[in-house]
Amino acid sequence: MAKKILIATHGHLASGIKSAIGVLAGEPCEIQTIDAYTDDEPGDYTPKIEAFIASVGEGDQGFIFTDILSGSVNQRVVRSNPFDNPNLTLVTGTNLMVVLGVALDPRIVTRDVLQEIIEQSNVEIVEPEPVDEEVANEYDFLS
């Protein structure tokens, strides 16, 4: 079963996510991008969406990742009706970890697996641990 991914976002976020995946994991699966409203993609990108939807066949798992629910890019994807293809899943509000998780997961990415990946990819606030000044000074070569 082949995994196919389309990342469609405002600006260069899509190609940035694809680039980061390349650095971290090489080319784990087929990944296409649409950088909407840029010099690279100044016009109607609907044909690219429709071509991707049509390319996801019976033996494939296809995923379209967009950046903003109800944003213009997501709306254009929805108007292209990916829901007619039972092998295609639309995910919005995406980030690098969600796309990377789907691309690298060796399992068939069911709705439950996808939910697990999404939960593991949530944004978090990281609180710093209190620093013991005496210990910190032992390792501070610049003081």
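Bear in mind the structure is a predicted one, so any value in this text is a computation, not a measurement.
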Do Asp67 and Thr9 have side-chain atoms, one donor and one acceptor, less than 3.5 Å apart? no
Taking Lys4's backbone N and O only, do any of them form a donor-acceptor pair with Glu30's side chain (distance below 3.5 Å, no angle check)? no
Are the side chains of Phe83 and Leu88 in contact, using a 4.5 Å heavy-atom criterion? no
Do Asp44 and Thr46 meet the criterion of a side-chain donor-acceptor pair at a distance under 3.5 Å? yes
Looking at Asp39, I'd like to know if its CG atom is crowded, meaning that more than 12 non-hydrogen atoms belonging to other residues, nucleotides or ligands lie closer than 6.0 Å. no
Validation row: Ile117, Ser121 side chains within 4.5 angstrom (heavy atoms): yes
For the residue pair Ser72 / His10, report whether a side-chain donor-acceptor contact shorter than 3.5 Å exists. yes
Min side-chain heavy-atom separation Asn81-Ile53 under 4.5 Å: no
Single hit among Val102, Leu104, Ile21, Ile5 for side chain to side chain contact (heavy atoms under 4.5 Å, CB included) with Cys29: Ile5
Are Thr89 and Ile64 close enough that some pair of their side-chain heavy atoms sits under 4.5 Å apart? no
Ion pair Lys18/Glu27, N-O distance below 4.0 Å: no
Side chain proximity check, Ile7 to Thr66, heavy atoms < 4.5 angstrom: no
